[in-house]
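Below is one structure; the comments refer to it alone.
Worth knowing before you read on, the calculation uses all heavy atoms, side chains too, and leaves out hydrogens, waters and symmetry mates. Residue numbers begin at 1 in each chain, while the letters A, B, ... track the order of the sequences.
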There are 2 protein chains.
Amino acid sequence: MRRLKIAVAYDGTDFHGWQVQPGRATIQRALQEILSGIDGKPVLVAGSGRTDAGVHARAQVAAFTLENGIPPVNLRKAMNRLLPPSIRVLSVEEVGESFHPRFDAVAKTYEYRIFRGEVCDPFTWRYVHHHPYPLNTELMEATAPLLEGEHDFSAFAASDPKEDRGRSKVRRIFSSQLAVSPDWLVYRVRGSGFLKHMVRNIAGFLLETGKGNAGPELLLEMLTPGCAVKAGCRVPAKGLTLVSVEYDRGAETFC
Amino acid sequence: MRRLKIAVAYDGTDFHGWQVQPGRATIQRALQEILSGIDGKPVLVAGSGRTDAGVHARAQVAAFTLENGIPPVNLRKAMNRLLPPSIRVLSVEEVGESFHPRFDAVAKTYEYRIFRGEVCDPFTWRYVHHHPYPLNTELMEATAPLLEGEHDFSAFAASDPKEDRGRSKVRRIFSSQLAVSPDWLVYRVRGSGFLKHMVRNIAGFLLETGKGNAGPELLLEMLTPGCAVKAGCRVPAKGLTLVSVEYDRGAETFC
């Protein structure tokens, strides 16, 4: 039995997220069906984490165990022939049998893109949140790095029964920066891990900051353990992209 | 009655081209339905020319006559609210009542994009022709400019009963250039006008040139009036984009 690690890019628009759900098109399901067909028996694909419905990935990382001895390059080609063009396998490599894309990940990078121009062109609307209204971008830019460091992100997490069973909501954010240009706001965050809806809640908080409804003081309050305030302005999934997942051997980036 | 000129961008993937066809989603139909709703009576939208099913536009130009006195900026906003996100009205302006987007056009620019990398990412596959095979790009690059000048393009035109009634197939090409980079070939052509399928037949000819099946000599033969050879390797519509349409007052570019 071989353990294989793959990097996968996807346009999340037409999928109900990463995780298998009965009767719904998901990325994990598409990959599992194709690999099970190739191996002639059920293949379980583990991802570095779930992405929500509508969220995109430039290089999600996943792994699975396969009996078939097909060389990695041929497997990549075979998978891409069978997958829809909205899912692409970027690379396939052999890894140790203990490799787990979620537990072995040391960092992940997400990007949230906001388009501020009047008209959002038909070639990018799937990948951005359109917000053509005035914003205090200087305050947003100054607030973003305050998330860096180790914090309890309970206030930015969706209530999730699976994650709520006494699990720590402390995460380390290595960098949190907003790039500002005339028509674009691109929020890029790299951290040890992220809670459910965390990046969209943070991007929503920054947007509210730009509108004058939030700011650094409220943010620091919300990062204090036991804070009763919850982030309530999650931005739409379509603006979010999982950019890369890093392991000890170096970054898995394809952007 | 007012005459209005609009610039429209569209992702042609899900449309059966520009022109109204019974029971099919087309760009012209979508625009006409919305404008007829706004004006309370049928509105006919004339385009600078038809684009085929699957062809995209960064700035197609169209015009129509409207009774409703709505200001141009508000009309643009109203249309974009009602149109699907795959069609965007970029601008609306008042023009003289004799303006016709087809007959008044002095030049058009098209771009044909070929992606040569191994894996075509899920965010661009709709807008490119994927050709990850060896090509003599130097010969393609040298052949492209030979199309410049005034020529009879019969050999590169689809047989079209409407265009075949003794109409001239002579067109003037102002520029015809292939930009080469490691993963991309971008063919850009600007001319006085184009025959049905002409750009896709030219791009297909250049691709055949790269494969060693055609070249400058055959091209010069095919541009000779009365030539019996017909271009037979039309490339797929999805790689083609109408970039701009120019009128005497200057270029309508939004790229």
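- Looking at A:Asp121, the atoms closer than 4.5 Å to chain B (heavy atoms on both sides) all sit in the backbone: N, CA, C or O.
- Residues B:His56 and A:Phe123 are in side-chain contact: their nearest non-hydrogen atoms beyond the backbone lie under 4.5 Å apart.
- Contact of the B:Asp11 side chain with the A:Arg126 side chain is registered, since non-hydrogen atoms from C-beta on lie closer than 4.5 Å.
- Listed options B:Pro85, B:Ser86, B:Ala9 were ranked by heavy-atom pairs under 4.5 angstrom with chain A; first place goes to B:Pro85.
- In terms of heavy-atom proximity, A:Arg88 sits nearest to B:Pro122 at CG-CD, 3.9 Å.
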